[in-house]
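Notes follow once the structure below has been shown.
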Amino acid sequence: MSPDALKALVARAALAYVEPGEIIGVGTGSTVNCFIDALATVRDRIPGAVSSSVATTQRLRAIGVPVFDANEVETLSVYIDGADEIDPRGYMIKGGGAALTREKIVAAQARRFVCIADQSKWVSTLGRFPLPVEVIPMATQRLMRQFAALGGQARLRLKDGQPLVTDNGQHILDVHGLTIDDPLAFESMVNNWPGVVTVGVFAHQRAHVCLLGTPEGVRTIAFEG
Ligand code: 5RP
């Protein structure tokens, strides 16, 4: 089965977590795009969604789902999003689509984080995927040196030869060569560095459930705690 077919499979499976009458949180990325396609078939069941990016907002509106500002909604029953890596504790690396800050904000509002991913995202230890970090541009060089001191090589993400600008008007560093053995401690440490907007380790906002696409079908992994 192709990666795209696996994404479509987990996207459809995620509909089971959409509770009728509840506003849901929706992530960003190609797997989430498949979820939004699937959501179109049941869009009348929910009053709307809180979105994690401009791109997702456009797609939700295109299928007729009202999009609420995060400040208008207190709690979301579920947040559905993809990941760049997910480990056996439900800790993730996210931000390959540069939407990590809003993703973490919406995830923090949800009672349950359902991660939808194809099996290529499953890892024993986080770090093979270059870690995205959203940064304030004036802090870029110092933050690169701080990551170098940890053994990482941070590169400024470019788009069309220019620094990529996020939905929040900031830049992204992609940090190669890290092995993140203690995601909770690592996330707390990097979040404390001046100039870091959001680090792409999702340990404090980890997944509660992962729907993993495999050639044998969808594997549902519930994380303890
Ligand atoms: C966007 C993300 C995505 O969830 C992550 O990059 C996975 O994307 P895809 O489903 O396209 O593989 O964190 O910021």
Side-chain angles (χ1 to χ4, degrees), residues 1-15 17 24-39 49-60 70 76 78-87 90-108 110 112-123 126-135 155 157-159 163-176 180 183 187 190 196-214 218:
M1 219 182 281
S2 69
D4 282 351
L6 294 179
K7 287 177 190 184
L9 199 65
V10 293
R12 282 196 299 275
L15 290 181
Y17 294 84
I24 64 169
V26 183
T28 298
S30 57
T31 316
V32 163
N33 290 346
C34 295
F35 170 69
I36 295 172
D37 291 344
L39 190 64
V50 173
S51 163
S52 62
S53 64
V54 171
T56 288
T57 297
Q58 286 169 349
R59 280 184 176 260
L60 287 167
L76 300 164
V78 70
Y79 176 66
I80 295 169
D81 198 359
D84 299 302
E85 287 186 345
I86 181 161
D87 80 2
Y91 299 147
M92 296 167 285
I93 284 183
K94 292 185 43 55
L100 64 164
T101 296
R102 294 187 189 194
E103 291 174 340
K104 211 175 259 194
I105 291 168
V106 185
R112 186 146 67 161
F113 188 139
V114 175
C115 175
I116 49 176
D118 66 83
Q119 63 180 7
S120 69
K121 309 293 182 64
W122 186 257
V123 297
L126 301 180
R128 194 180 57 208
F129 189 91
L131 175 69
V133 185
E134 184 163 358
V135 301
R155 297 181 198 150
R157 194 182 297 182
L158 301 178
K159 188 180 176 195
L164 177 143
V165 178
T166 68
D167 287 351
N168 312 306
Q170 311 303 339
H171 290 172
I172 298 278
L173 291 179
D174 291 304
V175 189
H176 298 247
I180 303 169
E187 182 181 8
V190 176
V196 168
V197 178
T198 302
V199 56
V201 171
F202 281 54
H204 294 284
Q205 262 77 48
R206 69 177 178 145
H208 298 96
V209 177
C210 177
L211 303 177
L212 197 67
T214 78
V218 177

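We count ligands from 1, going down the list as the structure has it; atoms in each ligand are counted the same way.
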Out of Glu103, Glu134, Lys121, whose heavy atom is nearest to atom 1 (C) of ligand 1?
Glu103
Atom indices of ligand 1, in the order listed, that fall short of 4.0 Å to a heavy atom of Gly96:
6 (O), 13 (O), 14 (O)
Atoms of ligand 1 less than 4.0 Å from Ala99 heavy atoms?
14 (O)
Given the rule in the salt bridge (charged side-chain N to carboxylate O under 4.0 Å, His left out) test, do Asp81 and Lys94 qualify, once you have shown the distances and angles that lead to the verdict?
CA-CA 10 Å; Asp81 198 359; Lys94 292 185 43 55; 2.8 Å; yes
When you measure from atom 4 (O) of ligand 1 to every protein heavy atom, which one gives the shortest distance, and what is it?
Lys94 NZ, 2.9 Å
When you measure from atom 13 (O) of ligand 1 to each heavy atom in Gly95, Cys34, Ser52, which option holds the nearest one?
Gly95
Between Asp174 and Arg155, does any side-chain N to carboxylate O distance fall below 4.0 Å?
no
Nearest non-hydrogen protein atom, atom 6 (O) of ligand 1
Asp84 OD1, 2.7 Å
Sub-4.0 Å atoms of ligand 1 with respect to non-hydrogen atoms of Gly29:
11 (O)
Can you find an N or O of Val32 that's nearer than 3.5 Å to an N or O of ligand 1?
no
Looking only at the side chains, is there a donor atom on one of Thr56 and Ser51 sitting less than 3.5 Å from an acceptor on the other?
no
Flag side-chain contact, heavy atom, 4.5 Å: Val32 against Ile36:
yes
Would you mind checking which non-hydrogen protein atom is closest to atom 10 (O) of ligand 1, with the distance to 0.1 Å?
Thr31 OG1, 2.5 Å
Any carboxylate oxygen within less than 4.0 angstrom of a Lys/Arg side-chain nitrogen, looking at Lys104 and Glu187?
yes
Closest approach of any protein heavy atom to atom 9 (P) of ligand 1, naming residue and atom
Ser30 OG, 3.3 Å
If we only count heavy atoms from C-beta on, is the Ser53 to Arg102 side-chain gap below 4.5 Å?
no
Atom 3 (C) of ligand 1: closest protein heavy atom, distance to 0.1 Å, is Thr28 O, 3.2 Å
Quick check on side-chain contact (heavy atoms from CB on, under 4.5 Å): which of Val50, Val26, Ile24 does Val106 satisfy it with?
Val50
How does Ala98 reach ligand 1, by side chain, by backbone, by both or by neither, if only non-hydrogen atoms under 4.0 Å count?
backbone
Side-chain contact test, heavy atoms from C-beta onward, threshold under 4.5 Å: evaluate it for Leu212 versus Asp118 and give yes or no.
no
A student checking ligand 1 against Gly82 at a 4.0 Å heavy-atom cut-off should list atoms 4 (O)
List ligand 1 atoms under 4.0 Å from Asp81, heavy atoms only on the residue side.
4 (O)
Could you see which bit of Ala117 sits under 4.0 Å from ligand 1, with heavy atoms only: side chain, backbone, both or neither?
neither
Hey, are the side chains of Leu15 and Phe35 touching, using non-hydrogen atoms and a 4.5 Å cut-off?
yes
Checking Thr166 against Glu134: is there a side-chain donor and acceptor pair closer than 3.5 Å?
yes
